[in-house]
There are 2 protein chains.
Amino acid sequence: MARAATTSDAFNAVAEPRRREILNFIALQERPVGEIVDLLGMEQPSVSKHLRVLLQVGLVNVRRDGRRMFYRTDAEAIRPIHEWTETFARYWRHQLSRVKERAELRIEASKDIGPDSIPRRKDDFDGNKN
Amino acid sequence: MARAATTSDAFNAVAEPRRREILNFIALQERPVGEIVDLLGMEQPSVSKHLRVLLQVGLVNVRRDGRRMFYRTDAEAIRPIHEWTETFARYWRHQLSRVKERAELRIEASKDIGPDSIPRRKDDFDGNKN
DNA sequence: ACAATACATTCCTATATGGGAATATGTCAA
DNA sequence: TTGACATATTCCCATATAGGAATGTATTGT
């Protein structure tokens with residue numbers, strides 16, 4: 001099997017950086033394609049294709065006005081991603097407090113032993129975590 | 001150009017559902033590969049390959065113990081994704097309250113004009129948003 | 001009807017993929 | 001050393017890109 005289609009879900013769709021840029025750009029206000037092209041500096045066909053992908057997974061809505069198509073981000077479709085990452089938030093919030101504690105310990109220690117005894121960042125991750 | 005490598009960043013790495021499953025599974029506790037294979041019901045080479053991708057983008061850490069390799073999710077690497085989605089959270093929170101308001105209005109209205117005048121969901125998005 | 005404008009689609013191609021199968025590597029135990 | 005165990009890697013292939021270039025389609029103004 002090959003990689004899943006970009007249109008298979010929001011996760012795959014937003015993996016592409018340009019598509020995230022577009023979503024950011026049209027989050028507050030709907031915009032016609034031409035504006036996206038101009039302000040984000042992408043090729044028009046490229047933008048149309050990206051918008052098509054986003055539309056298929058429900059990440060954007062469209063509205064036609066004359067010859068222009070106004071696209072806008074539908075934030076609701078990003079929610080599943082947010083929720084998936086949210087389950088991990090408690091871990092890094094945890095880790096953050098641990099890092100803070102350690103930092104304080106280091107400050108205490110360095111008063112006596114000097115800065116050379118301060119472990120580099122890498123050791124926090126490579127070594128014995130348990 | 002083809003699609004960006006799965007190893008290019010966390011966004012691309014987590015686009016694959018199996019990899020998200022793995023990340024969920026080893027979030028609380030480090031696990032040897034064999035356990036992931038058994039409990040998630042994937043082929044061993046497949047798990048190894050997924051773990052390699054996750055390792056390359058820093059989404060997991062490894063520790064060797066004898067012949068076993070213990071992997072564990074590094075939640076910190078998921079943070080950029082969470083933060084990107086967080087910028088949209090305010091929109092759907094917004095929209096939620098708007099939906100609530102509208103729901104209340106509909107309830108009021110339906111007392112007088114009956115249920116047929118309730119606009120279908122689609123109209124909320126297609127129509128005049130500004 | 002016709003030209004101009006605004007988008008969408010098609011065709012092309014190099015490239016990366018994920019799964020299956022087979023094999024290689026590394027580590028321990030006797 | 002040898003065998004067993006745990007994991008990693010390689011090979012093969014069908015598939016889906018994303019971008020560039022060219023072309024198609026829809027809509028408006030005259």
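Naming: A, B, ... by sequence-line order, numbering from 1 per chain.
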Engineer: Among dT17(C), dT17(D), dT9(D), which nucleotide sits nearest the side chain of Arg3(A)?
Structural biologist: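 My answer, after comparing the listed nucleotides, is dT17(C).
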Engineer: Considering only side-chain heavy atoms of Ala5(B), which listed nucleotide, dT9(D), dC5(D), dT17(C), is closest?
Structural biologist: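 The answer is dT17(C), which lies nearest to the side chain.
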Engineer: Does this structure show an ion pair linking Arg79(A) with Glu83(A), if we count only N-O contacts that are shorter than 4.0 Å?
Structural biologist: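 Between Glu83(A) and Arg79(A) there is a salt bridge, with a charged N closer than 4.0 Å to a carboxylate O.
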Engineer: In degrees rounded to 10°, what angle is found between the helical axes fit to the five outermost pairs at each end of the helix from dA1(C)-dT30(D) to dA30(C)-dT1(D)?
Structural biologist: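 About 10° separates the two local helix axes.
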Engineer: Thr7(B) has a side chain; which of dT17(C), dG20(C), dG19(D) sits nearest to it?
Structural biologist: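 The nucleotide sitting nearest to the side chain is dT17(C).
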Engineer: Is there a side-chain contact between Phe25(B) and Thr73(B), using heavy atoms and a 4.5 Å cut-off?
Structural biologist: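 In short, these two side chains do not touch, never coming nearer than 4.5 Å.
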Engineer: Checking His50(A) against Arg19(A): is there a side-chain donor and acceptor pair closer than 3.5 Å?
Structural biologist: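 Yes, His50(A) and Arg19(A) have a side-chain donor paired with an acceptor closer than 3.5 Å.
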Engineer: Rounded to whole Å, please give me the gap between CG in Asn12(A) and C1' in dT15(D).
Structural biologist: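 About 14 Å, once rounded to whole Å.
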Engineer: Once side chain to side chain donor-acceptor pair (under 3.5 Å) is applied, what residue pairs with a partner in residues 38-48 of chain B remain, sequence neighbours excluded?
Structural biologist: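 Checked against side chain to side chain donor-acceptor pair (under 3.5 Å) - neighbours excluded - the pairs reaching residues 38-48 of chain B are Gln44(B)-Ser48(B).
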Engineer: Could you work out which one of dG26(C), dG20(C), dT17(C) sits closest to the side chain of Lys49(B)?
Structural biologist: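 Nearest to the side-chain atoms of Lys49(B), counting from C-beta on, is dG20(C).
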Engineer: What integer distance in Å separates Asp9(A):CG from dA16(D):C1'?
Structural biologist: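 Roughly 14 Å, once rounded to whole Å.
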Engineer: Applying a 4.0 Å non-hydrogen cut-off, can you work out what Pro32(B) is touching in the nucleic acid: base, sugar-phosphate, or nothing?
Structural biologist: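 The residue Pro32(B) makes sugar-phosphate contact but no base contact.
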Engineer: Is the positively charged end of Arg31(B) above the ring of Tyr71(B), judged by distance under 6.0 angstrom from the centroid and angle within 45° of the axis?
Structural biologist: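 Verdict for Tyr71(B): no cation-pi partner in Arg31(B).
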Engineer: Could you say whether Gln44(B) or Met69(A) is positioned toward the 5' end of DNA chain C, judged by the nucleotide with the nearest heavy atom to each?
Structural biologist: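 Between the two, 5'-proximity favours Met69(A).
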Engineer: Please report, rounded to the nearest Å, how far the P atom of dT9(C) is from the NE2 atom of His50(A).
Structural biologist: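 The distance from NE2 of His50(A) to P of dT9(C) comes to 15 Å, rounded to the nearest Å.
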Engineer: Using heavy atoms to find the nearest nucleotide of DNA chain D for Ala2(A) and Ser46(A) separately, return the residue whose nucleotide is more 5′.
Structural biologist: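 Closer to the 5' end of DNA chain D: Ala2(A).
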Engineer: Leu55(A) CG to dC7(C) C1': how many Å, rounded?
Structural biologist: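 One finds 13 Å between C1' of dC7(C) and CG of Leu55(A), rounded.
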Engineer: State which of dA21(D), dC5(D), dA4(C) makes the closest approach to the side chain of Arg67(A).
Structural biologist: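 Among dA21(D), dC5(D), dA4(C), the one nearest the side chain of Arg67(A) is dA4(C).
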Engineer: Heavy-atom nearest nucleotide on DNA chain D for Arg64(B) versus Glu16(A): which residue maps closer to 5'?
Structural biologist: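 Looking at the nearest nucleotide for each, Arg64(B) comes out on the 5' side.
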Engineer: dA14(D), dG19(D), dA18(D): which one has an atom nearest the side-chain heavy atoms of Thr6(A)?
Structural biologist: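 Selected nucleotide (nearest to the side chain): dA18(D).
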Engineer: Would you kindly give the CZ-to-C1' distance between Arg68(B) and dC28(C), to the nearest whole Å?
Structural biologist: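 Checked: the CZ to C1' distance equals 12 Å.
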Engineer: Please report the distance, rounded to the nearest Å, between CD in Glu43(A) and C1' in dT9(C).
Structural biologist: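 Atom-to-atom, Glu43(A) to dT9(C), this comes out as 16 Å.
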Engineer: Would you say that more than 12 heavy atoms from the other residues, nucleotides or ligands in this model lie under 6.0 Å from the CZ of Arg20(A), or not?
Structural biologist: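 Counting other residues, nucleotides and ligands, CZ of Arg20(A) exceeds 12 neighbours.
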Engineer: Counting heavy atoms from C-beta on, name the nucleotide in dT9(C), dT17(D), dT27(D) closest to the side chain of Arg52(A).
Structural biologist: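 Output: dT9(C).
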Engineer: Considering only side-chain heavy atoms of Val33(A), which listed nucleotide, dT9(D), dA8(C), dA14(C), is closest?
Structural biologist: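 Minimum distance to the Val33(A) side chain belongs to dA8(C).
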Engineer: Whole Å only: how far is the CG atom of Leu51(A) from the P atom of dG19(D)?
Structural biologist: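 These atoms are roughly 13 Å apart.
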Engineer: Using only heavy-atom distances, determine whether the side chains of Trp92(A) and Asp74(B) contain a donor-acceptor pair under 3.5 Å.
Structural biologist: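 Their side chains do not contain a donor-acceptor pair, so the 3.5 Å distance test is not met.
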Engineer: Report yes if at least one side-chain N or O of Tyr71(B) is closer than 4.0 Å to OP1 or OP2 of dA8(D); otherwise report no.
Structural biologist: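 Tyr71(B) to dA8(D) OP1/OP2: side-chain N or O found under 4.0 Å.
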Engineer: Here's a test of your reading of the structure: between Ser48(A) and Val53(B), which maps to the more 5' nucleotide of DNA chain C?
Structural biologist: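 Between the two, 5'-proximity favours Ser48(A).
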Engineer: Measure the distance from CZ on Arg19(A) to P on dA16(D) and round it to the nearest whole Å.
Structural biologist: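 Atom CZ in Arg19(A) sits about 15 Å away from atom P in dA16(D).
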Engineer: Inspect the contact between Arg93(A) and Glu86(A) and indicate whether a charged nitrogen and a carboxylate oxygen are less than 4.0 angstrom apart.
Structural biologist: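 Arg93(A) and Glu86(A): salt-bridged.
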